[in-house]
Amino acid sequence: MTASGAPVRVRIAPSPTGDPHVGTAYIALMNLVFARQRQGRFVLRIEDTDRSRFVAASEQMIFDALHWLGLDWDEGPDVGGPYGPYRQSERTELYRRKVEELLAAGRAYRCFCTPERLEEMRRAQMAAKLPPRYDRHCRGLSGEEARARVAAGTPFVVRLAVPESGATTFRDELRGDITFDHHQVDDQVLMKSDGYPTYHLANVVDDHEMRITDVIRAEEWISSTPKHVLLYQAFGWELPRFWHMPLLRNQDRSKISKRKNPVSLVYYRQAGFLPEAMVNYLGLLGGGMPAPSAEAKDAERFAFAEMVEKFQFERISLGGPVFDLEKLRWLNGVYLRRLTPEEFFAAVRGGPLADDYLRAICPLAQERIETLGQFFDLTDFFFRDEVLPPAETWVPKKRDAAAARKMVAQLAERLEAGDWTLEALDAALRALAAETDWSAKEVFMLLRAVATGKTASPPLLESLVVMGRARSLARLRGFLAAAK
Ligand code: GLU
């Protein structure tokens, strides 16, 4: 219960823009522990209003990854609940109504500035070393003028009218009061010209409508929070409590990123991490669990139930926990060793040697071997964690290692951005070759070496499709990290 007697309700609000992220699992775990400690409800809401970044398969991947980890929600798009729909694209009518309310109250205004004007403004601000910010050009338009432009069919966005002076202060439960001077806060777009809300508007409206009492999210949203607070005030709504969790970091303390760590949960599943070990590891980050005493050998190993019992949000340290893949591997090894032989056998058969995976690989091998004994000689790379090819196999003749590495980095970027189908991979490879002085053949050979560790393999692109996006890209990134 909260102080006002309302039952605790928390949520995660991932956007389906690609592979499910390890940070999403971390925040989901924090929310779930918080809810279970307080007999609260845990909601999953899909924030899919950014149509330019929408990836159709992503929502299901988020569901699958979180279920795999056992981070199950009480309400959500797939299980329903009293405050649905839980997918923002199905709530656009509500946001439109709310925007009208803000416009009528003078807390928001229509902006007709063209993308060209905004671009020019941004360029001038950058040249003058000013922070990029909307110059409020349209804020002074009369209601009449705005209506006339709407009637004439001029495209517009709706912006938040941030007070011109003063400041907004809110309480962060982990940090205390945080104040943002209004000069620092942009007149945020609330509704885009396509009629879809931005994150800020939809997030606030939904947190209110879904009776969220505690917003537990990553620290990167702190700078958005003053905008949210202004929105709550404009609507006259009670604020939730805000808990901004420290960001997971790479070893060099930068924000966790795919260049330095695998971040896709799909990768961790495919690479054979056990869900219990993942949850345990994520629970160690941030320091919410009691420090292990010197004599308690096994104290870093705990299950979700123990977290619910012992985790304290007040204990969280704000330094930003380093996501340490080596430690996660070590912990996973601890979990593997604790399996019974039968469980271990089942884990191998359900993981690296799962029927579905083998079934997809078999057709690639059938035409190319003479005895079944050669099966793994040909296909070993499908089952390995890492294949690091000797330099003579990946540096093409007439090129040097630096140029080849650069090409692998470009390949990783390109392939990451597109679909994971034969056609898309083929097109991406050929496009990259055409843009550089590399031949398509050279690019294929380099990719083959890096992805399979071999100079000859079953058809390369078919193999990549079977290995999957997460595993294939992890291999490219792993190569780049090792080939420094
Ligand atoms: N849609 C945001 C995200 O992708 C949600 C942030 C929040 O929790 O407010 O993380």
Side-chain angles (χ1 to χ4, degrees), residues 8-35 40-55 57-63 65-66 71 73 75-77 83 85-92 95 160 170-175 178 180 188-192 196-232 237 239-248 255-258 263-265 282 286 313:
V8 163
R9 294 176 55 81
V10 295
R11 76 340 180 241
I12 55 163
S15 296
T17 54
D19 273 23
H21 197 279
V22 66
T24 301
Y26 173 62
I27 296 295
L29 175 63
M30 295 298 121
N31 275 276
L32 188 59
V33 168
F34 190 92
R41 304 271 287 175
F42 173 45
V43 176
L44 172 67
R45 179 172 75 228
I46 293 289
E47 298 207 331
D48 58 350
T49 58
D50 185 349
R51 302 318 278 178
S52 62
R53 297 181 59 219
F54 178 75
V55 176
S58 176
E59 177 183 295
Q60 191 58 47
M61 286 160 80
I62 294 170
F63 293 170
L66 293 176
L71 304 174
W73 43 100
E75 298 169 27
Y83 302 104
Y86 292 91
R87 209 177 266 119
Q88 288 187 328
S89 56
E90 294 165 19
R91 300 169 65 83
T92 49
Y95 310 130
L160 177 66
F170 59 90
R171 185 178 157 73
D172 177 286
E173 300 298 324
L174 299 177
R175 294 171 180 73
I178 300 182
F180 281 85
Q188 179 65 50
V189 175
L190 301 175
M191 183 159 280
K192 293 169 279 183
Y196 272 93
T198 56
Y199 153 72
H200 305 278
L201 177 75
N203 186 273
V204 166
V205 168
D206 285 348
D207 281 346
H208 173 74
E209 296 282 328
M210 295 179 179
R211 313 277 197 277
I212 300 302
T213 56
D214 294 83
V215 169
I216 305 170
R217 63 183 168 198
E219 129 188 73
E220 60 191 321
W221 302 104
I222 288 181
S223 60
S224 298
T225 308
K227 298 171 187 172
H228 300 181
V229 171
L230 288 168
L231 279 170
Y232 281 99
W237 292 338
L239 286 177
R241 283 181 300 235
F242 293 104
W243 308 72
H244 288 99
M245 307 303 291
L247 269 189
L248 306 187
K255 174 184 166 184
I256 192 168
S257 66
K258 61 189 179 213
V263 292
S264 166
L265 293 170
L282 294 174
F313 283 80

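Counting starts at 1 for both ligands and their atoms, following the listed order. For clarity, every value in this text was computed on a predicted model and none was experimentally measured. One-based numbering along the sequence shown.
- Ring-plane geometry between Phe180 and Phe170 is classed as parallel, the angle between the planes falling under 30 degrees on a 0 to 90 degree scale with a further cut at 60.
- Between the side chain of Glu173 and the backbone N or O of Trp243, no donor-acceptor pair lies under 3.5 Å.
- Using cut-offs of 30° and 60° for the angle between ring planes, the Tyr199 and Trp221 rings count as tilted.
- In this structure, the side chains of His244 and Thr225 come closer than 4.5 Å at one or more pairs of heavy atoms.
- When atom types are taken as modelled, the side chain of Thr49 and the backbone of Thr198 share no donor-acceptor pair closer than 3.5 angstrom.
- The 12-atom threshold is exceeded at CZ of Arg175, counting heavy atoms of other residues, nucleotides or ligands nearer than 6.0 Å.
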Could you check ligand 1 for N or O atoms lying under 3.5 Å from protein N or O atoms and list the pairs with distances?
{"unit_1": "ligand 1", "atom_1": "1 (N)", "unit_2": "Ala13", "atom_2": "O", "d": "2.7"}
{"unit_1": "ligand 1", "atom_1": "1 (N)", "unit_2": "Ser15", "atom_2": "OG", "d": "3.2"}
{"unit_1": "ligand 1", "atom_1": "1 (N)", "unit_2": "Glu47", "atom_2": "OE1", "d": "2.6"}
{"unit_1": "ligand 1", "atom_1": "4 (O)", "unit_2": "Ser15", "atom_2": "OG", "d": "3.3"}
{"unit_1": "ligand 1", "atom_1": "8 (O)", "unit_2": "Arg11", "atom_2": "NH1", "d": "2.7"}
{"unit_1": "ligand 1", "atom_1": "8 (O)", "unit_2": "Arg11", "atom_2": "NH2", "d": "3.4"}
{"unit_1": "ligand 1", "atom_1": "9 (O)", "unit_2": "Arg11", "atom_2": "NH2", "d": "3.0"}
{"unit_1": "ligand 1", "atom_1": "9 (O)", "unit_2": "Tyr199", "atom_2": "OH", "d": "2.7"}
{"unit_1": "ligand 1", "atom_1": "9 (O)", "unit_2": "Asn203", "atom_2": "ND2", "d": "3.1"}
{"unit_1": "ligand 1", "atom_1": "9 (O)", "unit_2": "Arg217", "atom_2": "NH1", "d": "2.9"}

